[in-house]
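Side chains are part of it too, since the values below use all heavy atoms of this structure and drop only hydrogens, waters and symmetry mates. To find a chain, count down the sequence lines: A is the first, B the second, and so on, and within it residues start at 1. As the structure is a computational prediction, the values presented were derived from the model and not from experiment.
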Number of protein chains: 2
Amino acid sequence: MTQIADINKIQEERLGHKIYLELKKKLIVGELMPGEGLSIRKVAEEYKVSAMPVREALRQLAIEQALISAAKKAYRVPDLTAGQAADLFFVRSILEGAAAEIATANATKADFKLLEKLIVGMNKYWQAKDAKSFLFTNYQFHSHITSLSSNSALQAMIDGIYLRTGPWLAHGITELVDLDAWKADHSGIVNALRARDAKTVRRLVEEDAYWGVSIYSAIDNT
Amino acid sequence: MTQIADINKIQEERLGHKIYLELKKKLIVGELMPGEGLSIRKVAEEYKVSAMPVREALRQLAIEQALISAAKKAYRVPDLTAGQAADLFFVRSILEGAAAEIATANATKADFKLLEKLIVGMNKYWQAKDAKSFLFTNYQFHSHITSLSSNSALQAMIDGIYLRTGPWLAHGITELVDLDAWKADHSGIVNALRARDAKTVRRLVEEDAYWGVSIYSAIDNT
DNA sequence: CCAGCGTATCTGTGATCACAGTTATGTAAT
DNA sequence: ATTACATAACTGTGATCACAGATACGCTGG
């Protein structure tokens, strides 16, 4: 526990990791659109650092498939095909479902409270048509449940998937899809958690992972 | 398809990626032991390149959790606790089981032939007590089945787990456990594949992911 | 007005240096 | 002989430069 905390502390002190976290949030939230280019020198100037830490951050994102990197060509946000996105959501449903099933036994009253607070937030941002805040709160909701599995390897992998599908979702939400058509009711998940009904939790979480796909499935079948 | 091929080709041309692949294989095969340190300058000298590509390779491995990185301290191979290893094998069983279930429908006669050839190889290396070759062949066997799922995201994640458990397994095999106590019969998997029995394939693959844990469970319960 | 081409500017990559913090070493004092 | 301490050798990190390949732009010719 303290070991992990130390590692995080150290990572926060590394310049490249700070840049990485900044860009990561932008990707999850949809502040960077599919196809958009990222240049080492430009980003370096933006954050007032040298090229070295930025170079490291972009490479890390490329390793995590959150950016595309071709030789001597600018890094850019991937433009996922519907098939690639479906693959990712499939993996997420498997992993997040398993994580949620384990989490059911570990959730405390404080967790229920926090999750319900996040649901309120999501509804608020939904009404306000604030896609960015909505997506981030949605991410926090799922991320918290996953963390209750206390399997850090599992959590990290799920996290990586949100990173990759973030721009894709944001693009769909802000440009292609009517928000009202989207069902994203998480209260059923919290209810099942309260009832300690692990199987139902797993099923609901698995199903929820598929609304991302449904955004495009009606529009794009490539 | 050609896009992916191009990317791979480019990656092969990048110096840092070559170093990465070299070290990756060493980790999977167990040529690098838990706790062992890796220095940028030492590795650079070993491969006759500058520090820059090595630095990139080590950082990538650290990102993939295949190496531990603390500030201003040497990179080193993680020494997993039994709990951490169990977490990884748990995730692997979920992912690899799902992948194998999908793969069942896609496997061709050529695949059966290749898999059986790999089994023969494993038995040979087993007899010869060649742990390194045995582990690599085992990896190839599982990796091939996973690839038949044609879900590259899924495959990459499973690959990452082998990378992280490799040194741990090798350490157990070469130093702690009697080889004869280890059951690792993969012929049942191939038979189920031939019978197109997806559920059985999934179950067998899931079960197989647990022999790694059993190596230590009898020895170390921390 | 448009196509073709050369050039100028952009891109990531590799190499090298400076620096600060860590680890190891060897010496001196008890 | 053992402990304490200074110092030397190591570590990763950040910055900067050189270079080659990719891209974009503008010019020149039709």
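- If you check the side chains of A:H142 and A:D208, you find a donor sitting under 3.5 Å from an acceptor.
- For the ring-ring contact (aromatic ring centres under 6.0 Å, His included) test, residues two or more places apart in sequence or in another chain that qualify with A:Y20 are A:H17.
- Residues A:Y125 and A:N138 bring no donor and acceptor atom of their side chains to less than 3.5 Å of each other.
- Rounding to the nearest 0.5 Å gives a distance of 11.0 Å between CD of B:Q155 and CG of A:D87.
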Under 4.0 Å protein heavy-atom contacts per nucleotide of nucleotides 8-15 of chain C, with B for base, S for backbone only and - for none: ---BBBBB
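- With sequence neighbours left out, the ring-ring contact (aromatic ring centres under 6.0 Å, His included) criterion links B:F141 to B:H186.
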